[in-house]
Amino acid sequence: MTDTVRKRPRLAVFKFASCDGCQLSLLDCEDELLAVADAVQIAYFPEASSRMEPGPYDVTLVEGSITTPHDAHRIQEVRRISRTIVTIGACATAGGIQSLKNWANHEDYLRCVYARPEFISTLATSTPIADHIKVDFELRGCPVNRHQLLEVLGALVNGRRPRLPSHSVCLDCKRKGTVCVEVAQGIPCLGPVTHSGCGAICPSYDRGCYGCFGPAAQCNCESLTNQYLDSGTNIETLLPLLRNFNAAAPEFREASNRLEETAQERGNKR
Amino acid sequence: MTETRTIRVEALTRVEGEGGLHVRLNGTVVEDVQLSIYEPPRFFEGFLRGRPLEEVPDITARICGICPVAYQMSAVHALEQALGVVISPEIRRLRRLLYCGEWIESHGLHMHLLQAPDFFNAASGIELAARFPNEVTRGLKLKKQGNELLEVLGGRAIHPINVAVGGFYRAPKKDELRKLIPGFEWGLQAAIDATRWVAGFDFPDFERPYEMISVSHPDEYPMNEGRVVSTSGLSIDVSEYETAFAEHHVAHSTALHSLRTTGQTSYHVGPLARVNLNREKLCDTARRVADEVGFKSPCFNPFQAIIARGLEVIHAFDEALSILREYQPFSPSRIAWKHRSGEGCAATEAPRGLIYHRYQVDEAGKVVLAKIVPPTSQNQRQIELDLIDWLPRIMGTDDQKTADECERLIRSYDPCISCSTHFLKLTVDRVTASVGGTR
């Protein structure tokens, strides 16, 4: 069918501070890519096409976090020209690994990497897109799961809500029949508090979940970390586990801050 | 009097990231070209300090979603050197297998969806598919084989989770790898056909006097191990890398420029450099195809990197197949090691060129120092110098066309821009009077 009889939604993909991995997930849909390009009109996707059409756009995917004054301004413009905004990945939904600078002295980082810090313009924080604009849907993961990305696009094209689970990775392991790495091997695992979506990969490769899909709905991080501390896992192991790719997601942030306070209290008592 | 003429392009496309290009002209003489990189800095080397070293392969993977394995491989080899860990031949083979998966995936993407459209005035691989449905579909399927391998061996294609300091968290089961063989047998033939296809493209007559740099190993095509060598006769141990190359911070870019310490000269890394310096180490099939398509030795035409990528995809399928066929599960999948203070460095070959890492770790297993030199920061100055040579040949009155031709050259390097970079606008200052730009 041609565009005159079938109005295809106009799709845009915008990038902020990120590794490009989440938008690459779309190009990694090798079997579906040409069908997607038929179902939507790819109006703005610089990583894939030199044809860049101006907005407004029906569906806008946003990858990456806000780390510079310029990007804080640019995201407002993206909102203005987009009907529906879907943030994709841990950077866009939680600030990403670069949000570690929220806990550090930003000037130290600058000097550590760049010989001439005065050439660089950045904010002291890395923040998720939803801190700056209204976001219509968030897709988790570092990186996102491409099947979930297709589900979101399919839903939006057909005018329905995306159907994505919000339970924990822990449940996925049970469904897969993966033997629990925490119970069987004593490996600290964030599966009980981490959002489903990856397919519970890490435990099936004999390692603990490191939370790259961020906090699950109604997760109880305090209970889990207390349990681990009681069973002898040290804070130096747990703290970086909670403070990585979704460090600034509120539940993980509070849990890691609490662990840091506990460590300081213990240090003071000594 | 110099009047400024400004051409602006929204974004340099079909590369990973954004940035700009600034050209200063005096008459028809190109005085300077600045490739600006606007990628917001993310400070990986800053926040790696103090982290447990076990996390380094997971964290550095996030520098680049297109070549995470390259970051993981350089990281684990450098850390193993710091810790005095010697991996087993079985682990070494599986790491080469993993790298084959990434080369296939990344080269497949660049050849078919990013660079090939340039030869047919198409805006994207999707547009190209309307004219070459079989070739583009074959390219996608070829790329998919690489991703499937990464999923089985790495756990997932983007940011694999199975790479550990010392080896792998889990060695794959025999069946998991064996089931990939039919797809790889198809892939080997498809890669040969794809290479023949790209070798038939119409290439600009453009050669540059490069010093090309790559890893080189006496027994195998370079991936994870070897000396750092160049087409000008350099041959050093990786531990001497920082005496031969140094990074410089320039005002117009958030990516550091890496130059040779002697003479502050630029150099070229990537598939062309690898093939030029290691052609005899390619598998028989890849060498035969190289001869058949008349691939020059050495080749100094940057646009023909697409053929070098094709040859490397053939090699990757061929080598992967032999590893897959011979694979037997083994134990331990990870060599045991203890924390100790130390320092180590490694250079491996990312799809887009040599990548160097150096780490210092302390006795508690924390990272004290991290230094990462990605391929794009090494190619950046070379790209600028190429453009100075390229511009007079393509500079016309149509600014959009000029910009397109510049992008075309830049794209041939497959710059991994999220490692550092963001291309955005082209500005041209020139002596002729003219109108302003579009932005």
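Note on naming: letters A, B, ... go to the chains in the order of the sequence lines (proteins, then strands), and numbering restarts at 1 for each one.
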Tell me, for A/Ser204 versus chain B, whether the close heavy atoms (under 4.5 Å) come from the side chain, the backbone, both or neither. backbone
Heavy-atom distance under 4.5 Å to chain B: side chain of A/Leu33, backbone, both or neither? side chain
Which atoms of [X] come close to chain A, meaning under 4.5 Å heavy atom to heavy atom: side chain ones, backbone ones, both, or neither?
{"X": "B/Leu153", "value": "backbone"}
{"X": "B/Lys366", "value": "side chain"}
{"X": "B/Gln145", "value": "neither"}
{"X": "B/Thr137", "value": "side chain"}
{"X": "B/Glu54", "value": "neither"}

Between [atom1] of [X] and [atom2] of [Y], what distance do you get to the nearest 0.5 Å?
{"X": "B/Leu140", "Y": "A/Asp31", "atom1": "CG", "atom2": "CG", "answer": "8.5 Å"}
{"X": "B/Phe168", "Y": "A/Asp206", "atom1": "CZ", "atom2": "CG", "answer": "14.0 Å"}
{"X": "A/Arg146", "Y": "B/Asn147", "atom1": "CZ", "atom2": "CG", "answer": "6.5 Å"}
{"X": "A/Cys19", "Y": "B/Ile158", "atom1": "SG", "atom2": "CD1", "answer": "7.5 Å"}
{"X": "A/Leu27", "Y": "B/Ile66", "atom1": "CG", "atom2": "CD1", "answer": "9.0 Å"}
{"X": "A/Leu100", "Y": "B/Phe43", "atom1": "CG", "atom2": "CZ", "answer": "12.5 Å"}

Considering only heavy atoms from C-beta outward, does the side chain of [X] approach that of [Y] to under 4.5 Å?
{"X": "B/Ser124", "Y": "A/Arg51", "answer": "no"}
{"X": "A/Pro143", "Y": "B/Arg156", "answer": "yes"}
{"X": "B/Ile59", "Y": "A/Phe245", "answer": "yes"}
{"X": "A/Arg207", "Y": "B/Asn162", "answer": "no"}
{"X": "A/Ser50", "Y": "B/Glu127", "answer": "no"}
{"X": "A/Leu24", "Y": "B/Leu109", "answer": "yes"}

Below 4.0 angstrom, N of the basic side chain to O of the carboxylate: do A/Asp28 and B/Lys144 qualify? no
Which one, A/Asn145, A/Ile97, A/Thr237, leads in non-hydrogen pairs under 4.5 Å with chain B? A/Ile97
Above 12 or not: heavy atoms from other molecules or residues under 6.0 Å from NZ of B/Lys401? no
Greater than 12 external heavy atoms within 6.0 Å of A/Glu77's CD: yes
Verify, without hydrogens or angle tests, whether B/Arg51 (side chain) and A/Pro240 (backbone) share a donor-acceptor contact under 3.5 angstrom. yes
Tell me the closest heavy-atom pair linking B/Arg62 and A/Cys212, and the distance in Å. NH2-CB, 3.8 Å
Would you name the heavy atoms of A/Tyr205 and B/Tyr169 that are closest together and state the gap between them? O-CB, 3.1 Å
Taking atom types as modelled, is there a side-chain donor on B/Glu55 or A/Asn244 under 3.5 Å from an acceptor on the other? no
Heavy-atom pairs under 4.5 Å with chain A: which of B/Asp58, B/Ile126, B/Val136, B/Leu369 has the most? B/Asp58
